[in-house]
Trainee: 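Before I ask anything, let me first share the structure, which is written out below as structure tokens.
Throughout, a chain's letter reflects where its sequence line sits, starting with A, and its residues are numbered from 1. What you are looking at is a predicted structure, and each value in this text was computed from that prediction instead of being measured. Note: hydrogens, waters and symmetry copies are ignored here, and every other heavy atom, side chains too, is used.
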Amino acid sequence: MTHPLLPKHFQQHVLNWFNKHGRKNLPWQQKKSPYHVWLSEIMLQQTQVTTVTPYFQRFIKQFPNLSSLAAAQLDEVLNLWAGLGYYARARNLLRCAQMLEQKYAGKFPQNLIQLQTLPGIGRSTAGAILSLGFDQAAAILDGNVKRVLTRFHAIAGWPGLSAVNKKLWELAERYTPIQQTAAYTQAMMDLGALICTRTQPKCDQCPLQTHCLAYNTGNPAHFPSPKPSKKLPIRSIQMLILVNQQQEILLEKRPPTGIWGGLWSLPECPSDADAKNFSKKHYYCETEKVRQAMQMRHTFSHFHLDIQAVVMQVNKWHPPLMESDRIVWYNVQQLQKKGLAAPIKKLIQQLNNSTYTHSNGIFGKAPRK
DNA sequence: AAAGCGGGGCG
DNA sequence: CGCCCAGCTTT
């Protein structure tokens with residue numbers, strides 16, 4: 001099959017468009033630095049620019065360079081990451097910084113092979129670091145580029161299929177120029193993010209319109225093919241809101257890997273267990289006034305989590321010393337200082353707000369003025 | 001409620 | 001390899 005456009009011409013259209021309309025003032029473009037490119041690329045995995053921006057700014061304020069990050073504690077990194085999701089990214093980020101310090105004299109290696117051995121860096125992120133950070137000829141294939149290419153060539157089949165993925169990488173590499181790779185790479189991401197959007201693409205503003213196969217056959221939004229859908233299983237748990245006499249709640253640190261790994265969360269109790277017995281056995285709490293406070297559903301990529309919040313008043317607490325790192329009492333007003341998973345923070349805040357409006361909040365009654 | 005967004009890790 | 005895992009935002 002012949003290509004609708006020579007790579008040289010494809011690049012010219014894309015680069016000309018970028019010069020006029022591309023994004024040149026994103027927070028990670030302020031200073032040309034592989035550290036900033038890397039950090040932003042990790043944050044931008046599965047996460048959009050508008051969400052990432054404030055996180056990125058807080059992050060570089062606290063860790064302005066690679067060596068400061070490499071010296072950080074995991075808790076500090078997770079606190080900055082809390083709410084962004086996919087917390088393995090934060091763990092890998094720290095490990096990667098440490099490896100760069102120890103094995104690479106604090107510099108990013110400038111080749112795909114070595115970059116991809118670093119935790120959290122796969123083929124696309126490695127390409128982004130080389131192209132955006134070092135202006136070297138390397139291709140990326142993120143969601144934006146996938147959308148542009150599947151439409152431009154009207155490639156059917158879900159991009160997660162290995163055959164489709166392989167084809168897309170071939171195209172990505174074919175079009176990536178040797179010169180001006182940084183500008184081209186940013187241009188392709190901008191094109192995908194601003195013009196070749198998932199729904200309602202702005203084809204009338206697209207520099208590739210006249211050669212785009214999907215446009216010319218009438219249905220750009222048909223590409224890329226959707227992921228085969230699956231019914232998600234439902235998992236149910238109770239989350240315990242244990243309130244002591246200082247009106248603090250008990251938080252528990254999650255195990256280092258798995259869901260919300262390393263973040264602070266509420267004590268979790270199987271849905272068929274008795275919350276009162278469970279609190280005593282696992283959290284050393286003598287409780288009373290058990291109240292079913294609220295129900296919420298949080299959906300992960302692979303299951304629904306139905307959460308039943310149970311509020312209990314704690315009268316006595318007898319913790320063994322060894323547990324003091326895993327469980328802490330925390331003032332509800334200071335939640336932003338702890339790395340809490342987003343839905344847990346939301347749940348607590350909703351309960352806390354209802355304290356002032358209903359009689360079913362965390363403290364069971366409106367506070368005295 | 002469903003879709004979208006990369007990479008790690010396992011068998 | 002193919003398959004599972006992970007968490008938000010947007011639509």
Trainee: In whole Å, what is the span from the CH2 atom of A:Trp260 to the P atom of C:dG7?
Mentor: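 After rounding, the reported distance stands at 9 Å.
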Trainee: Is A:Arg254 paired with A:Glu268 through a side-chain N to carboxylate O contact shorter than 4.0 Å?
Mentor: yes
Trainee: Identify whether NZ of Lys or CZ of Arg in A:Lys24 sits under 6.0 Å from the centre of the six-membered ring of A:Phe18 and within 45° of that ring's axis.
Mentor: yes
Trainee: Nearest whole Å is fine: how far is C:dC5 P from A:Asn92 CG?
Mentor: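 That distance rounds to 18 Å.
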Trainee: Whether the A:Arg89 and A:Thr47 side chains hold a donor-acceptor pair (N or O, under 3.5 Å, no angle test) is what I'd like checked.
Mentor: yes
Trainee: I want to verify a distance call: between C:dC8, B:dG4, C:dT10, whose nearest atom is closest to the A:Arg147 side chain?
Mentor: B:dG4
Trainee: Of the candidate nucleotides C:dA6, C:dT10, B:dG6, which contains the atom at the shortest distance from the side chain of A:Asp142?
Mentor: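 Side chain of A:Asp142 sits closest to B:dG6.
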Trainee: Please state the P separation for the pair C:dT9 and B:dG8 - nearest whole angstrom.
Mentor: 23 Å
Trainee: Among the nucleotides C:dT10, B:dG6, C:dC8, which one has an atom lying closest to any side-chain atom of A:Arg198?
Mentor: C:dT10
Trainee: Out of B:dA3, C:dA6, C:dT9, which nucleotide sits closest to the side chain of A:Thr51?
Mentor: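 Nearest listed nucleotide: C:dT9.
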Trainee: Taking CZ from A:Phe223 and P from B:dA3, how many angstroms apart are they, rounded to a whole number?
Mentor: 18 Å
Trainee: Return the value, rounded to whole Å, for the distance between atom CZ of A:Arg89 and atom P of B:dG9.
Mentor: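 Distance check: A:Arg89 CZ to B:dG9 P gives 15 Å.
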Trainee: Using the side-chain heavy atoms of A:Pro343, tell me which of these nucleotides is nearest: C:dC8, B:dG6, C:dT10.
Mentor: C:dC8
Trainee: Looking at the side chain of A:Gln46, which of C:dG2, C:dA6, B:dG6 is the nearest nucleotide?
Mentor: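 Nearest nucleotide to the side chain: B:dG6.
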Trainee: Tell me the interatomic distance from A:Lys146, atom NZ, to B:dG4, atom C1', rounded to whole angstroms.
Mentor: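 Spelled out: NZ on A:Lys146 to C1' on B:dG4 is 10 Å.
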Trainee: Below 4.0 angstrom from OP1 or OP2 of B:dC5, is there any side-chain N or O of A:Ser124?
Mentor: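 A:Ser124 to B:dC5 OP1/OP2: no side-chain N or O under 4.0 Å.
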Trainee: Report yes or no: is the cationic atom of A:Arg235 (NZ for Lys, CZ for Arg) under 6.0 Å from the centre of the six-membered ring of A:Phe303, at an angle within 45° of the ring normal?
Mentor: yes
Trainee: Measure from CH2 on A:Trp158 to C1' on B:dG6 and round the result to the nearest Å.
Mentor: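 Taking CH2 of A:Trp158 and C1' of B:dG6, I get 11 Å after rounding.
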Trainee: Describe the nucleic acid contact of A:Ile121 in one word from base, sugar-phosphate, nothing, applying a heavy-atom distance below 4.0 Å.
Mentor: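 Sugar-phosphate contact only - A:Ile121 comes under 4.0 Å of backbone atoms but never of a base.
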Trainee: Check step by step if side-chain contact (heavy atoms from CB on, under 4.5 Å) holds for A:Trp264 and A:Val328.
Mentor: CA-CA 9 Å; A:Trp264 292 91; A:Val328 296; 3.6 Å; yes
Trainee: Of the listed nucleotides (B:dG9, B:dG7, C:dA6), which one gets closest to any side-chain atom of A:Ile259?
Mentor: C:dA6
Trainee: Determine the contact category for A:Leu118: base if any of its heavy atoms lies under 4.0 Å from a base atom, sugar-phosphate if only primed atoms, P, OP1 or OP2 are that close, otherwise nothing.
Mentor: sugar-phosphate
